[in-house]
Q: 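The structure's right below; bear with me while I get my questions together.
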Amino acid sequence: MEVNQYLEMFIEESKEHLQSCSDNLLELEKNPDDLAIVNEIFRSAHTLKGMSATMGYEDLADLTHKMENVLDAIRNEKIHVTPEILDVVFESVDHLEEMVMDIANGGDGKRNVSDTVAKLKRIESGETSDTTSESPASVADAALAEVAATAVAETSPKLDYDDFEKTIILQSTDQGFNAFEISVALREDCLLKAARVYMVFDILEKNGDVVKSSPTVDKLEEEQFDQHFQVAFISKNSAEELKSKIMKVSEVDTVTVTPLSKEFFIQSTTEETFKAAVQNESPAIVVPKTPEANNNQKSQAPAKNGHAASKTIRVSIERLDILMNLFEELVIDRGRLQSIATEVNHSELNETVERMSRTMGDLQNIVLTMRMIPIDTVFNRFPKMVRTLSRDLKKKINLEILGAETELDRTVIDEIGDPLVHLIRNSVDHGIESPEVRRAKGKPEEGNVVLRAYHSGNYVFIEIEDDGAGINREKVLSKAISKGIITKEAALNLSDKQINELILASGFSTADVVSDISGRGVGLDVVKTTIESLGGSISIESTENVGSIFSIQLPLTLTIISVMLVEIEQEIYAIPLSSIIETSIIKNSDILNAHNQKVIDFRGKVVPLIFLEEIFEVPRKEQRADEYHSVVIVRKGEKLAGLVVDSFIGQQEIVLKSLGNYLTNIFAISGATILGNGKVALIIDCNALMK
């Protein structure tokens with residue numbers, strides 16, 4: 001089997017299974033006696049093991065197998081779940097994630113995990129501090145059970161199963177169902193064999209699911225069989241209960257119920273199932289229905305309705321990017337057609353262009369929606385991270401996630417993960433106090449961190465709220481002054497909001513001790529820089545001893561944006577509407593000088609003027625001596641500035657294009673776009689102008 005062609009799918013599937021393991025482990029920690037959760041984790045680990053072995057990543061498969069053994073012991077109630085055991089399982093998942101990431105980056109997935117493997121083996125053998133020693137009787141019972149299990153495993157099934165049927169039985173047994181082969185013999189003098197078969201199937205369908213029958217159901221209904229038939233069956237009932245119920249059907253002579261060994265199906269299914277999956281031929285897994293759901297159903301062959309219609313497909317990001325690029329070209333051509341139609345002024349051409357514009361508007365919404373990804377893909381990494389941090393810091397912290405279904409463009413999703421990591425680590429380390437301090441303040445020992453996301457207009461807001469210590473005004477000012485970030489004189493005139501935002505300055509840290517978590521003076525300045533590079537902003541609200549709220553505002557998409565087109569001489573520039581407060585016309589007499597800087601009084605605030613013709617060195621044929629100036633008031637956080645231009649053209653939706661690898665360091669230009677008349681307009685980076 002050539003596995004390289006399936007590598008991308010293997011990596012994506014592995015990430016999904018590992019995320020499922022992490023989520024369910026967190027649930028298991030809250031509900032340690034819920035074996036259904038253990039079964040979910042076991043199933044994810046088992047699938048990952050089979051995929052890894054098939055792809056040839058033996059280290060990955062081996063570690064997963066060791067973790068699987070511990071999970072199997074837990075679900076068979078040989079081991080009781082404790083925080084210490086979960087720590088080791090979490091550690092295993094961390095190693096597995098690192099192995100998968102190494103493979104994704106072109107590595108071989110090998111990693112030294114001998115310490116973790118040794119811990120897993122000790123847990124499996126019962127060598128844990130919380131495991132009570134077993135009595136000789138219980139050990140003997142376990143040994144007998146193991147022998148019995150081995151005997152069952154060695155019993156070969158009488159029916160032949162295809163990959164789909166094996167997978168159904170394997171998945172069902174993982175979920176706690178029992179799998180049996182049932183052999184039924186009717187009496188030799190039975191006259192209505194089809195009626196007796198119907199009665200047997202009616203009983204079976206009320207108590208579980210029929211996976212396979214021999215002969216087939218059609219032949220059984222037409223009585224094309226002798227006195228015997230076999231059925232593969234899945235049920236919650238025991239073999240004795242099933243045998244008793246079937247024997248109540250008249251003219252049934254004998255009933256033999258044989259348990260099916262899960263080990264047989266694991267051994268024969270793993271490789272075939274994964275090969276089919278990576279070739280997109282994997283059938284849908286049918287979970288057995290409850291008996292109530294079967295009451296009104298007619299007997300039929302289960303394999304016939306086992307396939308569920310798939311409503312989703314997996315598409316690579318690269319293909320979506322290509323689709324987006326092609327659509328962007330259409331947007332540009334649409335603008336040019338509209339411009340030509342206006343000049344020609346032909347009724348049929350105008351009508352056609354208008355209809356095409358409406359259709360492209362619908363297409364634009366679809367394409368942009370395809371690129372939208374739930375922010376849950378970022379949020380789902382944080383519960384495990386908070387658990388680890390809280391145990392390292394010996395704090396009790398509850399993380400609540402709200403609005404994880406909120407969608408953002410993939411380009412924004414790719415960039416927002418690291419800033420959120422810094423903010424949550426900051427809330428856990430600096431915000432939430434230790435249990436002792438919280439008790440002294442009259443707070444509950446367990447601190448709360450709330451991570452929420454929601455839409456508002458064309459923006460997504462992400463908030464990180466904690467009920468911790470808040471920001472200490474005096475401590476922040478003292479650190480800022482000692483670091484030279486502000487002067488003592490300037491500190492006297494700062495508002496509470498401005499003091500809060502000092503913690504976003506480069507090199508700022510209030511940590512008294514440098515640790516792996518904080519204190520090195522990096523983190524929040526990176527957060528601010530990244531968010532502003534995405535066209536967003538960050539604000540902080542904090543009350544000492546009550547808590548803090550970090551609020552991030554981000555645009556829904558970075559690809560197609562609304563701008564204000566302005567003109568300087570013969571050159572056209574685009575200013576993102578997200579940065580604009582308003583436009584204004586000012587007189588020469590309104591311009592003042594302060595500290596060698598031209599400024600204006602804008603609603604009681606002193607706003608510096610930035611002449612774009614000077615910034616971009618726009619050549620003029622002749623000097624202008626206008627009495628009036630067109631000004632665009634823009635904002636970056638609390639800062640305001642007035643961009644002086646020659647004239648306003650109007651608002652327009654444009655496609656943001658990169659300047660390429662050769663023009664990466666152009667000051668205050670974030671990209672370019674092609675207008676309807678074919679001209680290129682440069683897009684102004686207002687954040688760069690206002691540093």
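What's counted below: heavy atoms across the whole structure, side chains too, no hydrogens, waters or symmetry copies. In this text, all values refer to a predicted model and were calculated from it rather than measured experimentally.
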Q: Look only at the side chain of Lys110 and the backbone of Tyr57, and say whether a donor-acceptor pair between them is shorter than 3.5 Å.
A: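 Looks like no, no N/O pair under 3.5 Å.
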Q: Quick one: are Met51 and His17 in side-chain contact, heavy atoms under 4.5 Å?
A: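 Yes - at least one pair of side-chain heavy atoms lies under 4.5 Å apart.
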Q: For Ile169 and Ala179, which heavy atoms make the closest approach, and how far apart are they?
A: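 Shortest heavy-atom separation between Ile169 and Ala179 comes out as CG2-CB, 3.7 Å.
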Q: Would Leu451 and Leu402 count as a side chain to side chain contact (heavy atoms under 4.5 Å, CB included) here? Give the steps.
A: CA-CA 6 Å; Leu451 178 61; Leu402 304 173; over 6 Å; no
Q: Could you point out which residue of Ile375, Asp409, Val412 forms a side-chain contact (heavy atoms from CB on, under 4.5 Å) with Leu554?
A: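 Of the listed residues Ile375, Asp409, Val412, the side-chain contact (heavy atoms from CB on, under 4.5 Å) partner of Leu554 is Val412.
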Q: Verify, without hydrogens or angle tests, whether Arg75 (side chain) and Leu35 (backbone) share a donor-acceptor contact under 3.5 angstrom.
A: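 Flag not set: sc Arg75 to bb Leu35 has no pair under 3.5 Å.
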Q: Taking all non-hydrogen atoms of both residues into account, name the closest pair between Leu71 and Ala45 and its distance.
A: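 Reported closest heavy-atom pair: CD1-CB, 4.2 Å.
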Q: Is the closest side-chain heavy-atom distance between Leu320 and Met370 below 4.5 Å?
A: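 Yes, their side chains come closer than 4.5 Å.
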Q: Apply the salt bridge (charged side-chain N to carboxylate O under 4.0 Å, His left out) test between Lys396 and each candidate in Glu446, Glu445, Glu436; give the one that qualifies.
A: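 Testing each of Glu446, Glu445, Glu436 against Lys396, the sole residue satisfying salt bridge (charged side-chain N to carboxylate O under 4.0 Å, His left out) is Glu445.
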Q: Indicate whether the side chain of Asn178 and that of Lys236 have a donor and an acceptor atom separated by less than 3.5 Å.
A: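 Lys236 and Asn178 do not have a side-chain donor-acceptor pair below 3.5 Å.
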Q: Could you give the distance from CD1 (Ile432) to CG (Leu389), rounded to the nearest 0.5 Å?
A: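 Ile432 atom CD1 to Leu389 atom CG measures 12.0 Å (nearest 0.5 Å).
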Q: Are a donor atom and an acceptor atom from the side chains of His95 and Thr116 found within less than 3.5 Å of each other?
A: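 Note: His95 and Thr116 side chains meet the donor-acceptor criterion.
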Q: Any side-chain heavy-atom pair from Leu420 and Val378 closer than 4.5 angstrom?
A: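 In short, these two side chains touch, coming nearer than 4.5 Å.
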Q: Output the distance between atom CG (Leu60) and atom CG (Leu96), rounded to the nearest 0.5 Å.
A: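 If I round to the nearest 0.5 Å, the distance is 5.5 Å.
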Q: With side chain to side chain contact (heavy atoms under 4.5 Å, CB included) as the criterion, how do Val527 and Asn426 come out once you've worked through the C-alpha distance, each side chain's angles and the decisive distance to 0.1 Å?
A: CA-CA 11 Å; Val527 171; Asn426 180 74; over 6 Å; no
Q: Is there a side-chain contact between Leu534 and Ile531 (heavy atoms, below 4.5 Å)?
A: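 Contact flag for Leu534/Ile531 side chains = no.
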Q: How long is the straight-line distance from CD1 of Ile168 back to CG of Asp209, given to the nearest 0.5 Å?
A: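 It is 8.5 Å, given to the nearest 0.5 Å.
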Q: CG of Asn24 to CG of Asp34: how many Å apart, nearest 0.5 Å?
A: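 If we round to the nearest 0.5 Å, Asn24:CG and Asp34:CG are 9.5 Å apart.
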Q: Could you tell me whether a side-chain N or O of Asn76 sits under 3.5 Å from a main-chain N or O of Asp72, the two making a donor and an acceptor?
A: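 Yes.
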Q: Should the heavy atoms of other residues, nucleotides or ligands under 6.0 Å from CD of Glu541 be counted, would the total exceed 12?
A: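 Atom CD in Glu541 is not packed in, count stays at 12 or less.
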Q: Testing the basics here: between Val93 and Cys21, what is the closest heavy-atom pair and its distance to 0.1 Å?
A: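 Taking Val93 first and Cys21 second, the nearest heavy atoms are CG2-CB, 4.3 Å.
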Q: Just by modelled atom types, is the Glu16 backbone N or O under 3.5 Å from a matching donor or acceptor in the Ser20 side chain?
A: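 Not at all, since once roles are kept as given, no pair shorter than 3.5 Å links the two residues.
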Q: Work out which heavy atom in Ser92 is nearest to a heavy atom in Leu120; give both atom names and the distance.
A: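 Of all heavy-atom pairs spanning Ser92 and Leu120, the closest is OG-CD1, 3.5 Å.
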Q: I'd like to know if the side chain of Glu433 and the backbone of Ala469 have a donor-acceptor N/O pair within less than 3.5 Å.
A: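 Flag set: sc Glu433 to bb Ala469 pair under 3.5 Å.
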Q: Considering non-hydrogen atoms only, spot the tightest contact between Ser14 and Val100 and give its length.
A: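 Looking at all heavy atoms of both residues, the closest pair is CB-CG2, 3.9 Å.
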Q: Evaluate the side-chain proximity of Arg387 to Leu26: yes if any heavy-atom separation is below 4.5 Å, no if none is.
A: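 In short, these two side chains touch, coming nearer than 4.5 Å.
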Q: What verdict does the side chain to side chain contact (heavy atoms under 4.5 Å, CB included) test give for His65 and Asn69, after you've listed the backbone C-alpha separation in whole Å, the side-chain angles of each residue and the deciding distance to 0.1 Å?
A: CA-CA 6 Å; His65 178 65; Asn69 290 343; 3.7 Å; yes
Q: Do any N or O atoms from the side chain of Lys395 and from the backbone of Val428 form a donor-acceptor pair under 3.5 angstrom?
A: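 Here the side-chain-to-backbone pair exists.
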Q: Do side-chain atoms of His430 reach the backbone of Arg425 as a donor and acceptor pair under 3.5 angstrom?
A: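 No, because the side chain of His430 does not come within donor-acceptor range (under 3.5 Å) of the backbone of Arg425.
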Q: Side chain of Glu463, backbone of Ile552: donor and acceptor closer than 3.5 Å?
A: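 No, Glu463 side chain to Ile552 backbone: no donor-acceptor pair under 3.5 Å.
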Q: Does any part of the side chain of Val449, heavy atoms only, come nearer than 4.5 Å to the side chain of Asn398, both counted from C-beta?
A: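 Counting from C-beta outward, Asn398 and Val449 never come under 4.5 Å.
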Q: Return the CG to CZ distance between Leu170 and Arg43, rounded to the nearest 0.5 Å.
A: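 If we round to the nearest 0.5 Å, Leu170:CG and Arg43:CZ are 9.5 Å apart.
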Q: When you compare the side chain of Asp59 with that of Arg111, does any pair of heavy atoms fall below 4.5 Å?
A: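 The answer is no, as the side chains (C-beta and beyond) never meet within the 4.5 Å cut-off.
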Q: Mind telling me whether His46 and Phe42 have parallel, tilted or perpendicular rings, with 30° and 60° as the class edges?
A: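 Parallel, since the angle between the ring planes stays under 30°.
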Q: Would you name the heavy atoms of Asp108 and Ile103 that are closest together and state the gap between them?
A: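 Smallest interatomic distance, heavy atoms only, reads C-CG1, 4.2 Å.
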Q: Any carboxylate oxygen within less than 4.0 angstrom of a Lys/Arg side-chain nitrogen, looking at Glu91 and Lys119?
A: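 A salt bridge links Glu91 with Lys119.
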Q: Roughly how far apart are Ser52 OG and Asp62 CG, rounded to 0.5 Å?
A: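 Result: 10.5 Å between the selected atoms.
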Q: Is a side-chain donor or acceptor of Asn380 paired with a backbone partner of Asp376 at a separation under 3.5 angstrom?
A: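 Between the backbone of Asp376 and the side chain of Asn380 there is a qualifying donor-acceptor contact (under 3.5 Å).
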Q: Quick one: do Asp466 and Val450 satisfy side chain to side chain contact (heavy atoms under 4.5 Å, CB included)? Show the steps, please.
A: CA-CA 6 Å; Asp466 66 69; Val450 180; over 6 Å; no
Q: Is there a donor-acceptor contact under 3.5 Å linking the side chains of Asp525 and Thr529?
A: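 Result is no, nothing qualifies.
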Q: Using the ring of Phe90 (Phe, Tyr or Trp, six-membered ring only), decide whether Lys384 places NZ or CZ under 6.0 Å from its centre and within 45 degrees of its axis.
A: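 Checked: cation-pi criterion not met.
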Q: Side chains of Met99 and Val113: does their closest heavy-atom pair fall under 4.5 Å?
A: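 With C-beta onward as the side chain, the pair touches.
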Q: Any chance NZ of Lys394 has more than 12 other-residue heavy atoms, nucleotides or ligands included, within less than 6.0 Å?
A: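 Not more than 12 within 6.0 Å, no.
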Q: Main chain of Leu18, side chain of Ser22: is a donor-acceptor contact present, judged purely on distance under 3.5 Å?
A: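 Such a contact is found between Ser22 side chain and Leu18 backbone.
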